[in-house]
Number of protein chains: 2
Amino acid sequence: MRQNTLVDSTVMERLRAAGLRPTRQRLALAQILFGQGDRHVTAESLFNEAKSQRIDVSLATVYNALHDFTGKDMLREISIDSNSSYFDTNTGDHHHFFFERSGKLQDIPSEHINIASLPEAPAGAQISRVDVIIRVKA
Amino acid sequence: MRQNTLVDSTVMERLRAAGLRPTRQRLALAQILFGQGDRHVTAESLFNEAKSQRIDVSLATVYNALHDFTGKDMLREISIDSNSSYFDTNTGDHHHFFFERSGKLQDIPSEHINIASLPEAPAGAQISRVDVIIRVKA
DNA sequence: AAGATAGTTTAGAATAATTCTAAACATGTT
DNA sequence: AACATGTTTAGAATTATTCTAAACTATCTT
């Protein structure tokens with residue numbers, strides 16, 4: 001029925017490896033975030049998901065965890081919509097579709113977008129990331 | 001000394017053409033926005049700029065004007081940073097450098113970025129815009 | 001030119017996302 | 001078990017933005 005021991009321990013190792021104490025709430029949130037495939041959450045959506053699983057965490061902890069995970073490169077923060085920040089469990093090189101109506105995000109593997117030429121970075125600047133966002137009406 | 005009659009009337013025509021009443025505060029804000037080359041402002045930065053020119057507008061009016069102008073395609077809204085929305089006077093096809101330290105934006109003409117291949121839009125979705133944001137550490 | 005009408009502006013209240021505070025608590029260590 | 005330090009939490013605080021309702025003004029009508 002519950003094969004969580006295994007899953008949990010994987011998540012626990014990820015947290016330890018990142019130098020984050022595997023506390024009850026971080027484990028639970030990490031499980032939600034990383035237990036499935038790639039995901040895009042907001043603080044609010046993750047908070048609600050936790051609540052609906054009877055996981056008792058405060059919203060402040062959700063924010064803390066999202067930022068802690070982001071600081072350890074387990075998540076990537078994306079600002080697309082001025083309403084709220086998204087956090088993506090896929091930290092690799094890739095891009096996004098943004099569905100304007102629903103506010104949902106969908107990954108685009110980096111191989112699917114071919115940027116033939118990029119401009120030079122301004123003097124003294126190093127590129128830290130190139131984001132391509134395809135906004136779609138749907 | 002002040003050759004504003006001419007400039008003002010240009011701005012006034014733009015407002016009228018857009019179907020927006022050329023009120024004192026819209027004229028003043030439009031003058032700041034469109035009187036120079038391409039610009040990137042936030043509500044707060046525009047509000048401060050107006051204040052420093054002794055133009056008496058409320059912050060609510062700045063927000064109203066920015067949204068009105070955006071609705072008439074005189075501005076384009078950009079969400080890059082969760083702190084605040086940017087408004088770009090360049091509404092044509094182009095992209096951006098985002099300077100992470102200063103929070104400043106710089107246009108990249110669309111010719112300078114060559115996207116060789118784009119993925120298909122998801123079923124039933126039409127692309128409304130493709131944004132490329134090059135984040136630089138500087 | 002005066003009046004009517006509908007769109008604008010405004011101060012300040014309200015809202016929403018996020019961060020802060022400081023006290024209670026849990027973890028890993030000794 | 002006791003300690004030191006990192007975490008969690010409720011609730012207050014902060015920040016960007018939107019709302020409200022009243023005062024105002026551009027424009028149209030007469």
Side-chain angles (χ1 to χ4, degrees), chain A residues 8-9 11-33 40-51 54-72 74-75 77-87 103, chain B residues 8-9 11-33 40-51 54-72 74-75 77-87 103:
Chain A
D8 287 358
S9 70
V11 166
M12 177 161 312
E13 272 150 34
R14 272 195 83 165
L15 291 179
R16 271 198 223 287
L20 295 172
R21 280 193 192 169
T23 62
R24 194 175 11 282
Q25 23 292 304
R26 289 215 271 232
L27 280 168
L29 295 173
Q31 181 66 50
I32 293 176
L33 288 169
H40 302 94
V41 304
T42 62
E44 205 66 29
S45 80
L46 179 57
F47 179 61
N48 288 329
E49 201 169 340
K51 266 203 304 201
R54 297 278 142 61
I55 292 164
D56 198 25
V57 279
S58 71
L59 184 55
T61 298
V62 171
Y63 276 103
N64 287 341
L66 287 173
H67 289 141
D68 293 342
F69 295 170
T70 301
K72 299 298 185 182
M74 298 166 68
L75 290 177
E77 186 172 0
I78 304 173
S79 298
I80 283 197
D81 190 14
S82 43
N83 297 332
S84 57
S85 279
Y86 290 78
F87 293 85
Chain B
D8 286 357
S9 70
V11 166
M12 177 162 310
E13 271 150 34
R14 272 194 83 164
L15 291 179
R16 271 197 224 285
L20 295 172
R21 280 195 191 168
T23 62
R24 197 175 8 282
Q25 22 292 305
R26 289 214 272 233
L27 280 168
L29 295 174
Q31 181 66 50
I32 293 176
L33 288 169
H40 302 93
V41 304
T42 62
E44 205 66 29
S45 80
L46 179 56
F47 179 60
N48 288 329
E49 200 170 339
K51 267 202 302 201
R54 298 277 142 62
I55 292 163
D56 198 26
V57 279
S58 71
L59 184 55
T61 297
V62 171
Y63 275 103
N64 288 340
L66 287 172
H67 289 140
D68 294 341
F69 295 171
T70 301
K72 300 299 184 178
M74 299 167 66
L75 289 177
E77 185 171 0
I78 305 173
S79 298
I80 282 196
D81 189 14
S82 43
N83 297 333
S84 57
S85 278
Y86 290 80
F87 292 85

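Computation of the quantities below employed the complete heavy-atom set of this structure, encompassing side-chain atoms and omitting hydrogens, waters and symmetry-equivalent molecules. Chain naming here is simple, since letters A, B, ... match the order of the sequence lines and numbering starts at 1 in each. All values reported here derive from a predicted model rather than from experimental measurement.
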Chemist: Between B:Tyr63 and D:dT17, does any side-chain N or O lie under 4.0 Å from OP1 or OP2?
Modeler: yes

Chemist: If you assign B:Leu59 and B:Leu20 each to the DNA chain C nucleotide with the nearest heavy atom, which residue ends up on the more 5' nucleotide?
Modeler: B:Leu20

Chemist: State whether A:Arg24 places a side-chain N or O below 4.0 Å from either non-bridging phosphate oxygen (OP1 or OP2) of D:dT8.
Modeler: no

Chemist: Under a 4.5 Å cut-off applied to non-hydrogen side-chain atoms, are A:Ile55 and A:Ile32 in contact?
Modeler: yes

Chemist: Look at all strands and tell whether B:Ser85 reaches a base, only sugar-phosphate, or nothing, counting heavy atoms closer than 4.0 Å.
Modeler: sugar-phosphate

Chemist: Rounding to a whole Å, what distance do you find between B:Asp56:CG and D:dC24:C1'?
Modeler: 14 Å

Chemist: Hey, does B:Asn83 reach any base, or is it just sugar-phosphate, or nothing, if we go heavy atoms under 4.0 Å?
Modeler: sugar-phosphate

Chemist: Once you round it to whole Å, what is the distance between P of D:dT8 and CG of A:Leu15?
Modeler: 10 Å

Chemist: Do A:Ser79 and B:Ser79 touch side chain to side chain, with heavy atoms closer than 4.5 Å?
Modeler: no

Chemist: State whether the side chain of A:Arg16 and the backbone N or O of A:Pro22 hold a donor-acceptor pair below 3.5 Å, judged by distance alone.
Modeler: no

Chemist: How would you label the contact of B:Ser84 with the nucleic acid (heavy atoms, under 4.0 Å): base, sugar-phosphate, or nothing?
Modeler: sugar-phosphate

Chemist: Separation of B:Leu46 atom CG from D:dA16 atom P, in whole Å?
Modeler: 15 Å

Chemist: Can you measure A:Leu66 atom CG to D:dT7 atom C1' for me and round it to whole angstrom units?
Modeler: 15 Å

Chemist: Between D:dA26 and B:Arg16, is there an OP1 or OP2 to side-chain N/O distance shorter than 4.0 Å?
Modeler: no

Chemist: Stepwise, does the side-chain hydrogen bond (donor to acceptor under 3.5 Å, both in side chains) test hold for B:Glu77 with B:Ser85?
Modeler: CA-CA 7 Å; B:Glu77 185 171 0; B:Ser85 278; 2.9 Å; yes

Chemist: Does A:Asp68 reach a base, just sugar-phosphate, or nothing at all? Heavy atoms under 4.0 Å.
Modeler: nothing

Chemist: Assuming nearest nucleotide by heavy-atom distance, tell me which of A:Pro22 and B:Arg21 is located more 5' along DNA chain C.
Modeler: B:Arg21

Chemist: Without hydrogens or angle criteria, can the side chains of B:Gln25 and B:Thr61 be said to hold a donor-acceptor pair below 3.5 Å?
Modeler: no

Chemist: Distance check needed: D:dT25 C1' versus B:Arg26 CZ, whole Å only.
Modeler: 12 Å

Chemist: Would you call B:Asp56-B:Arg24 a salt bridge at under 4.0 Å N-O?
Modeler: no

Chemist: Would you mind classifying the nucleic acid contact of A:Thr23 as base, sugar-phosphate or nothing, using non-hydrogen atoms under 4.0 angstrom?
Modeler: sugar-phosphate

Chemist: For D:dT17, take OP1 and OP2 only and decide whether either is under 4.0 Å from a side-chain N or O of B:His67.
Modeler: no

Chemist: A:Asp81 near the nucleic acid: base, sugar-phosphate alone, or nothing, with a heavy-atom cut-off under 4.0 Å?
Modeler: nothing

Chemist: I'd like to know if the side chain of B:Tyr86 and the backbone of B:Gly103 have a donor-acceptor N/O pair within less than 3.5 Å.
Modeler: yes

Chemist: Using modelled atom types only, decide if a donor and an acceptor are shared between the side chain of B:Arg26 and the backbone of B:Arg21 within a distance under 3.5 Å.
Modeler: yes

Chemist: Could you state the CZ-C1' distance from B:Phe47 to D:dA16, rounded to the nearest angstrom?
Modeler: 13 Å

Chemist: Which nucleotide of DNA chain C is the first, and which the last, in the 5' to 3' direction, to come under 4.0 Å of a heavy atom belonging to chain B?
Modeler: C:dA6 to C:dA11

